[in-house]
Q: 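Before I ask anything, here is the structure I am working with.
Computed from heavy atoms alone, side chains included, the values below leave out hydrogens, waters and symmetry copies. Only a predicted model underlies this, so the values are computations on that prediction, with no experimental measurement involved.
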Amino acid sequence: MRKILVVGAGQSGLQIALGLQAQGYEVTLMSNRTADEIRAGRVMSTQCMFHTALQNERDIQANFWESQAPRIEGVGVSVAGPDSSRVIDWVGKLDGYAQSVDQRVKMAGWMETFAQRGGQLVIHGAAVGDLDYFSRAYDLVLVSAGKGELVSMFERDASRSPFAEPQRALSVAYVHGLGPRPEHPEFDAVRCNLVPGVGELFVMPTLTTSGRADILFWEGVPGGPLDVFQGIKDPSEHLALTLELLEKFLPWEYARATKVELTDAGGTLAGRYAPTVRKPIGRLPGGGLVLGVADVVVANDPITGQGSNSASKCAASYISSIVEHGDKPFDEEWMQSAFDRYWDTAQWVTKWTNAMLGAPPEHVLNILGAAAQLQPVADRFANGFNDPADFENFFYDPDKAAAYLESVAPGA
C-alpha cells in the first residue's frame, strides 16, 4: 500500500486525504490545529463553490452540508456611479447551483471524518526540517499549507506572476440579520458590487457554525478609501466600519444591512497578499522532493471567487494523477506532469482573475452593460465562475466580444 503524507488541512489537503483514503492509500494528514480548534476559531476565508467543485465533493462522499447550505442559483453584478447611484444591475442564472459552507464547519467535519475512516491524523505545525525527516518514510509528500515557512520552499514563477504586490486589501464579516433581497426574493445569489477605482463588495449566503448567514466581503484598492481595516482587532469596530463604507458607496446594500450583527466573535477577517504562481516542486535540505498543492502553487486574488474552487479542482486533478500512476515512483518528472495537468485548468482562472484586478476596458464594460438587457449574456458571465475557460471565447478580445454581443442581440 502506497504511503502518502498530506501537510495542511484546508480544502485541498483534506479533499486529497479523503479521496486517496477512499482509494485504499495509507494517508497521513498533518494539521496545525485540531478540529475543535478550527471550529471555535476565526473565519479563514470567503468561499462560494460552483457546480464542478461541489461535484468533486459528491464524488468522494464528503458533501455533508449540501442539504443545509443555501442554494445559490445566480451571480449578480451591480456598478455604482460617481454619486453612489446604481447604474448597472443584473443577475445571471447558474446552470447548476453553488453553495458556501464556512470552512470552520467543513474542515473540522472533514478532519473528523478522515480520522473516523481510519486515517492517521497528526496535530503538528510542520516545518521544513520535519518534512526532511518525514519524506524518507513516505512515497509522496504533498504540501497544501498555503501560509508560513513551507511556502518558501516553492520558487515564484515570474513568467506567470505579473504582480509583486497585493492588488486588493481584503476585509470579511460574517453576519446574521441581513434583510431580504428585493430584486429577487425568490432565490439566493452571490452579488458583486463594483465601485470603479475604489474596489468591490461581494455578498454571499453561507452556512456557518450558527446556521444560515451572509458574508460581506470588501476588496479595496490599496491606499484607497476601503483600505482601512489593517490593525483593527475589535470585531464590532470591524463591522461598524464595514457598514459605514456600505452606506457611503453602496446604499442599496446598506439598506438591507441596518440590523445585522456578527455571527460570532471570530466572524471577521482582514489581510492582503500578492497573487502569485509558484513552481510546483519544493526541494528539501536532505534532497527529498515535495509537491505543492492549490494555493501553495497558484494563489489568485479572491476577486473572482475561485480560491476554494481552484483548491477543489487541484485536489481532484492530483488524485487522478496519483491513482493513474500506479506503483511507479513519484519522481520529479511525475510531479511536474501532475502540476501541468492542473495548470491546464488553473491558467484560465489566473488569466481571468488578473484581468478583473485592472480597470475594465471598454469592451468589458459593454459586456457588463449588455447583460442588463440581454439575459443570455448575464447567464454566460455567471456560468463563467464555474468554468473560467469560457471567458477566452468572448471576454478578453474586443472583436470576439463585439461578435458575441451581436450574435445574441434581438433579431440576430
Q: Ignoring hydrogens and angles, tell me if any N or O in the side chain of D227 forms a donor-acceptor pair with the backbone of A169 under 3.5 Å.
A: no

Q: Hey, can you tell me if Y342 and Y318 have their rings parallel, tilted or perpendicular (30° and 60° cut-offs)?
A: perpendicular

Q: Kindly indicate, with the supporting measurements, whether the criterion side-chain hydrogen bond (donor to acceptor under 3.5 Å, both in side chains) is fulfilled by T34 and D36.
A: CA-CA 5 Å; T34 66; D36 286 342; 5.4 Å; no

Q: Do any N or O atoms from the side chain of E392 and from the backbone of W348 form a donor-acceptor pair under 3.5 angstrom?
A: no

Q: So, using salt bridge (charged side-chain N to carboxylate O under 4.0 Å, His left out) as the criterion, who are the partners of R380 when residues are at least two apart?
A: D390

Q: I'd like to check L150 versus V296 (side-chain heavy atoms, cut-off strictly below 4.5 Å). Are they in contact?
A: no

Q: Counting C-beta onward and ignoring hydrogens, is there a side-chain heavy-atom pair between L207 and D102 closer than 4.5 Å?
A: no

Q: Is it true that a side-chain atom of Q167 and a backbone atom of D301 form a donor plus acceptor pair closer than 3.5 Å?
A: no

Q: Using a 4.5 Å cut-off on heavy atoms from C-beta on, say whether the side chain of I319 contacts that of V323.
A: yes

Q: Under the salt bridge (charged side-chain N to carboxylate O under 4.0 Å, His left out) test, which residues partner K279, sequence neighbours left out?
A: E155

Q: Show the nearest heavy-atom pair for residues A173 and T242, with the distance to one decimal.
A: CB-OG1, 4.4 Å

Q: Determine, step by step, whether V298 and R278 satisfy the side-chain contact (heavy atoms from CB on, under 4.5 Å) criterion, reporting the C-alpha distance in whole Å, the side-chain angles of both residues, the deciding distance to 0.1 Å, and the verdict.
A: CA-CA 6 Å; V298 184; R278 297 182 182 89; over 6 Å; no

Q: So, T350 side chain and Q347 main chain: donor-acceptor pair closer than 3.5 Å or not?
A: no

Q: Is a side-chain donor-acceptor pair under 3.5 Å present for Q230 with R272?
A: yes

Q: For the residue pair E200 and N193, confirm or rule out a side-chain donor-acceptor distance under 3.5 Å.
A: no

Q: Using the side-chain contact (heavy atoms from CB on, under 4.5 Å) criterion, which residues pair with S320? Sequence neighbours excluded.
A: E324, R341

Q: Is it true that R42 and D264 have a side-chain N and a carboxylate O under 4.0 angstrom from each other?
A: no

Q: Sequence neighbours left out, what pairs pass side chain to side chain donor-acceptor pair (under 3.5 Å) with at least one residue falling in residues 8-21?
A: Q11-Q15, Q11-E57, Q11-K106, Q15-S312

Q: Drop me the distance from L239's CG to T268's OG1, to the nearest 0.5 angstrom.
A: 9.0 Å

Q: Under the 6.0 Å and 45° cation-pi test, does R191 pair with W252?
A: no

Q: Quick one: salt bridge (charged side-chain N to carboxylate O under 4.0 Å, His left out) partners of E332, sequence neighbours excluded?
A: R283

Q: Please identify each residue that fulfils ring-ring contact (aromatic ring centres under 6.0 Å, His included) with W334, with sequence neighbours left out.
A: H325, F330

Q: By side-chain contact (heavy atoms from CB on, under 4.5 Å), which residues pair with N386, not counting sequence neighbours?
A: F50, H51, T52

Q: Any ring-ring contact (aromatic ring centres under 6.0 Å, His included) pairs touching residues 113-137, not counting sequence neighbours?
A: none

Q: Check R104 with E37, please: is the shortest side-chain N to carboxylate O separation under 4.0 Å?
A: no

Q: Identify the heavy atoms of N309 and A53 that sit nearest to each other, and give their distance.
A: OD1-CB, 3.5 Å

Q: Which side-chain N or O atoms in residues 68-77 pair as donor and acceptor under 3.5 Å with protein atoms at least two apart or in another chain?
A:
residue: R71; atom: NH2; partner: Y97; partner atom: OH; Å: 3.4

Q: If you draw a 6.0 Å radius around NZ in K233, do more than 12 non-hydrogen atoms from other residues or ligands fall strictly inside?
A: no

Q: Is there a donor-acceptor pair closer than 3.5 Å between any side-chain N or O of S100 and the backbone N or O of Q47?
A: yes

Q: With distance as the sole criterion, is a donor-acceptor pair present between the side chains of E362 and N366 under 3.5 Å?
A: no

Q: Report the C-alpha separation of M111 and I38 in whole Å, then their side-chain angles, then the decisive distance to 0.1 Å, and conclude whether the side-chain contact (heavy atoms from CB on, under 4.5 Å) test is met.
A: CA-CA 10 Å; M111 194 184 291; I38 289 169; 3.4 Å; yes

Q: Which heavy atom in D327 sits nearest to a heavy atom in R2, and how many Å separate them?
A: C-NH1, 3.4 Å

Q: Counting C-beta onward and ignoring hydrogens, is there a side-chain heavy-atom pair between L357 and P275 closer than 4.5 Å?
A: yes

Q: SG/C314 to CD1/I16 distance, rounded to the nearest 0.5 angstrom?
A: 6.0 Å

Q: Taking ring-ring contact (aromatic ring centres under 6.0 Å, His included) as the test, write out the residues that go with F391, two or more places apart.
A: W352, F381, F394, F395

Q: In Å, rounded to the nearest 0.5 Å, how long is the span from CD of E219 to CG of L170?
A: 5.0 Å

Q: Go through the steps for L201 and E253 under the test side-chain contact (heavy atoms from CB on, under 4.5 Å), then give the verdict.
A: CA-CA 9 Å; L201 173 85; E253 294 290 6; 4.2 Å; yes

Q: Would you check if there is a donor-acceptor pair between the side chains of T353 and N300 at a distance under 3.5 Å?
A: no

Q: Do L131 and V143 have side-chain heavy atoms sitting under 4.5 Å apart?
A: yes

Q: Can you name the closest pair of heavy atoms from L216 and L246 and give their distance?
A: CD1-CD1, 4.4 Å

Q: Any non-hydrogen side-chain atom of C48 less than 4.5 Å from a side-chain atom of F202?
A: no

Q: Between Q55 and D59, is the side-chain contact (heavy atoms from CB on, under 4.5 Å) condition met? List the steps.
A: CA-CA 6 Å; Q55 188 57 49; D59 290 345; 2.9 Å; yes

Q: Write down the atom of L262, the atom of G267, and the distance for their closest heavy-atom approach.
A: CD2-O, 4.2 Å

Q: Below 4.0 angstrom, N of the basic side chain to O of the carboxylate: do D188 and R212 qualify?
A: yes

Q: Any Lys/Arg nitrogen of R86 or E183 sitting under 4.0 Å from an Asp/Glu carboxylate oxygen of the other?
A: yes

Q: What I want to find out is whether E66 reaches R58 closely enough, with some N-O distance under 4.0 Å, to be called a salt bridge.
A: yes

Q: Using a distance-only test with no angle check, is there a side-chain donor-acceptor pair under 3.5 angstrom linking R156 and T276?
A: no

Q: Should I215 and V172 count as side-chain neighbours, where that means a heavy-atom distance under 4.5 Å?
A: yes

Q: Side-chain donor-acceptor pairs under 3.5 Å in residues 23-32, sequence neighbours left out?
A:
residue: T28; atom: OG1; partner: Y138; partner atom: OH; Å: 2.9
residue: S31; atom: OG; partner: R33; partner atom: N; Å: 3.1
residue: S31; atom: OG; partner: R33; partner atom: O; Å: 2.7

Q: Between CD1 of I281 and CD of E333, what distance do you get to the nearest 0.5 Å?
A: 10.0 Å

Q: Is it true that atom NZ of K248 has more than 12 heavy atoms of other residues, nucleotides or ligands lying nearer than 6.0 Å?
A: no

Q: Just jot down the salt bridge (charged side-chain N to carboxylate O under 4.0 Å, His left out) partners of D379, sequence neighbours excluded, or say none.
A: none

Q: What heavy-atom pair brings Y404 and P376 nearest, and what distance separates the two atoms?
A: OH-O, 3.5 Å

Q: What I'd like to find out is whether the side chain of L241 reaches to under 4.5 Å of the side chain of V228, using heavy atoms alone.
A: yes

